[in-house]
Amino acid sequence: MKFILLSLVLLSTHVNASNKVFETTDWIADGVFTEGIEGPAVDRNGVLYAVNYQQQGTVGAITSKGKVQLLMTLPNDSVGNGIRFDKHGNMYIADYVNHNIYRVSNDALMQGKNVSEHLSVFAHNAKMNQPNDLAIMDNGVLFASDPNWQHSSGNLWRIEATGQVQLLEANMGTTNGVTVSPDNKTLYVNESVQRKVWRYDIDEKGNISNKQLHIAFSDFGLDGMRTDQQGNLYIARYGAGQVAVVSPKGRLMRTVKLQGKYPTNVAFGGVDGKTVFVTMQKRGAIEMFEVNTAGRSFAFINETLKVD
């Protein structure tokens, strides 16, 4: 499995080859992943990762269009959801079955093979419903959404760089997508069932304050979110078959029509950070489209390669 060394070259060959801005196409075909496909995240080498490759409880590594290999199988019947990377290249995976945040070191990922044996529990809290999506500040502080789908409610957690878990807010709506602004001063959290996106002020320690409604939608669900370098939100609109692009002031700027109807999450990648990858439930596929502005983490994860 040589995907670590070859991935950036392969992605640069296949991404940006012929796609027009905001025009979607398939990156990974139907049925390659299960209907539990989520994640997605791109590391400093240009490798795209998503959970539930071929079967539940796995993580797949995508090096180019249509090329996927098994990265790991999670232990104890765990099933992954959101994935994020810190500035050192370490991977974090939300496990919604066993209330864990798993960690895989950059050193392990650089070996370019199955890293199942290198997986460790970075954080755990039995009071979590099912940690769903993750966001990360430049200093390594993580945030985890924590929905309770049965009761249409949810929580918001902070995970310190030490792995210590702190409940920030309880009894919210069905918390799902979560992301940080480029200047690390705003945290966005959406509620799927309630169709609302909230914003908070955050300080350097990840404390939240000044909660305000950022935008609300009248139909369909909300799922994963990311920000670009201008602070615009890209929101997966579950059931609508769209990615909504929302300004830092809460204005809907555009909707990107997808081929499938059930997007679960988005991630920026490609050699210039201007490719958006969208995981598609039902299809078990990944769609992609080009944008004009690179993702927030394009500069955050690696100063040299600059990949989200």
Side-chain angles (χ1 to χ4, degrees), residues 22 24 38 81-82 94 96 129-135 143-158 167-202 206-258 260-268 276 278-282 287 289 291 293 295-296:
F22 300 114
T24 59
E38 247 278 8
N81 204 78
Y96 68 81
N129 299 308
Q130 48 174 0
N132 185 292
D133 207 357
L134 299 173
F143 300 94
S145 61
D146 184 30
N148 183 322
W149 294 98
Q150 182 178 358
H151 296 101
S152 298
S153 64
N155 304 319
L156 175 65
W157 299 83
R158 181 182 66 217
L167 179 63
L168 293 180
E169 186 172 352
N171 302 314
M172 296 179 65
T174 315
T175 50
N176 197 332
V178 57
T179 197
V180 174
S181 64
D183 62 5
N184 285 254
K185 293 182 178 180
T186 306
L187 176 71
Y188 298 97
V189 183
N190 72 38
E191 298 170 336
S192 290
V193 175
Q194 294 76 15
R195 304 173 183 140
K196 295 178 179 180
V197 181
W198 299 95
R199 67 174 183 265
Y200 302 81
D201 294 339
I202 48 175
N207 297 308
I208 60 173
S209 61
N210 192 28
K211 180 180 181 180
Q212 298 181 57
L213 181 65
H214 189 63
I215 191 171
F217 294 87
S218 61
D219 57 7
F220 301 106
L222 309 181
D223 213 311
M225 306 188 295
R226 296 291 173 103
T227 52
D228 67 17
Q229 290 185 357
Q230 295 181 353
N232 301 310
L233 275 174
Y234 287 68
I235 308 169
R237 298 273 283 116
Y238 185 87
Q242 300 173 348
V243 172
V245 184
V246 178
S247 76
K249 294 186 177 181
R251 179 175 66 88
L252 179 63
M253 300 169 62
R254 76 162 54 239
T255 57
V256 181
K257 181 175 175 55
L258 303 167
K261 291 185 177 181
Y262 301 97
T264 57
N265 215 328
V266 298
F268 286 84
V276 177
V278 188
T279 48
M280 304 298 296
Q281 196 195 62
K282 309 291 186 183
E287 297 184 27
F289 58 90
V291 294
T293 304
R296 167 230 165 189

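In what follows, every heavy atom counts, from backbone to side chain, and hydrogens, waters and symmetry copies are set aside.
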Check the pair Val278, Thr24 against side-chain contact (heavy atoms from CB on, under 4.5 Å), reporting the backbone distance first and the verdict last.
CA-CA 10 Å; Val278 188; Thr24 59; over 6 Å; no
Check: Ser152 main-chain N/O paired with Gln194 side-chain donor or acceptor under 3.5 Å
yes
Taking every non-hydrogen atom, the tightest pair across Asp223 and Tyr238:
OD2-CD1, 4.2 Å
First locate atom CD of Glu191, then atom CG of Leu213, and finally report the distance between them rounded to the nearest 0.5 Å.
9.0 Å
Closest non-hydrogen atoms of Val266 and Gly224, given as atom of the first, atom of the second and distance, are CG2-O, 4.4 Å
Tell me every residue that passes side chain to side chain contact (heavy atoms under 4.5 Å, CB included) with Gln212, counting only those two or more places apart in sequence or in another chain.
Arg199, Asn210
So does Gln281 get a backbone contact from the side chain of Thr264, meaning a donor-acceptor N/O pair under 3.5 Å?
no
side-chain contact (heavy atoms from CB on, under 4.5 Å) evaluation trace for Lys196 with Leu222:
CA-CA 8 Å; Lys196 295 178 179 180; Leu222 309 181; 5.7 Å; no
Sequence neighbours left out, cut at 3.5 Å: what donor-acceptor pairs do the side chains of residues 245-256 make with other protein atoms?
residue : atom : partner : partner atom : Å
Ser247  : OG   : Lys249  : N            : 3.2
Ser247  : OG   : Gly250  : N            : 3.4
Ser247  : OG   : Arg251  : N            : 3.1

For Glu287 and Gly260, indicate whether the former's side chain and the latter's backbone hold a donor-acceptor pair under 3.5 Å.
yes
Please report the interatomic distance CE(Met280) to OH(Tyr262), rounded to the nearest 0.5 Å.
10.0 Å
Reported OG1-to-CD distance for the pair Thr279 and Glu38, which is rounded to 0.5 angstrom:
5.0 Å
Quiz question: by atom type and distance under 3.5 Å, do the side chains of Asn176 and Asn190 form a donor-acceptor pair?
no
Lys NZ or Arg CZ of Arg226 over Phe268 ring: under 6.0 Å, within 45°:
no
Between CD1 of Ile208 and CZ of Phe143, what distance do you get to the nearest 0.5 Å?
8.0 Å
Within the distance-only criterion (no hydrogens, no angle test), does the side chain of Thr175 pair as donor or acceptor with the backbone N or O of Asp146 below 3.5 angstrom?
yes
Side-chain heavy-atom pair Pro263, Gln242 within 4.5 angstrom cut-off:
no
Please determine whether the number of non-hydrogen atoms from other residues, nucleotides or ligands lying under 6.0 Å from atom NZ of Lys185 exceeds 12.
no
Between the main-chain N or O of Ser218 and the side-chain N or O of Arg195, is there a donor-acceptor pair closer than 3.5 Å?
yes
Quick one: does Asn171's side chain get under 4.5 Å of His151's, heavy atoms only?
no
Looking at Ser181, is its backbone amide N or carbonyl O close enough to the side chain of Thr227 to form a donor-acceptor pair, meaning the two atoms are under 3.5 Å apart?
no
N/O donor-acceptor pair under 3.5 Å between Asn81 side chain and Asn132 backbone:
yes
In terms of side-chain heavy atoms, does Arg158 have a donor or acceptor partner in Asn207 at a distance below 3.5 Å?
yes
side-chain contact (heavy atoms from CB on, under 4.5 Å), that's the test. Do Val276 and Phe289 meet it? Break it down for me.
CA-CA 5 Å; Val276 177; Phe289 58 90; 3.6 Å; yes
Restricting to non-hydrogen atoms, name the atom on Met172 and the atom on Tyr200 that form the minimum distance, rounded to 0.1 Å.
CE-OH, 3.2 Å
Taking all non-hydrogen atoms of both residues, which atom of Pro131 and which atom of Ala94 are closest, and how far apart?
O-CB, 3.7 Å
Hey, are the side chains of Pro147 and Tyr96 touching, using non-hydrogen atoms and a 4.5 Å cut-off?
no
Above 12 or not: heavy atoms from other molecules or residues under 6.0 Å from NZ of Lys211?
yes
Hey, could you give me the NE2/OH distance between His214 and Tyr188, rounded to the nearest 0.5 Å?
4.5 Å
From the list Leu233, Val189, Ile235, side chain to side chain contact (heavy atoms under 4.5 Å, CB included) with Thr179 holds only for Leu233
If I take atom OG from residue Ser145 and atom CG from residue Asn129, how far apart are they, to the nearest 0.5 angstrom?
10.5 Å
Could you walk me through whether Val291 and Asp228 pass side-chain contact (heavy atoms from CB on, under 4.5 Å), step by step?
CA-CA 10 Å; Val291 294; Asp228 67 17; over 6 Å; no
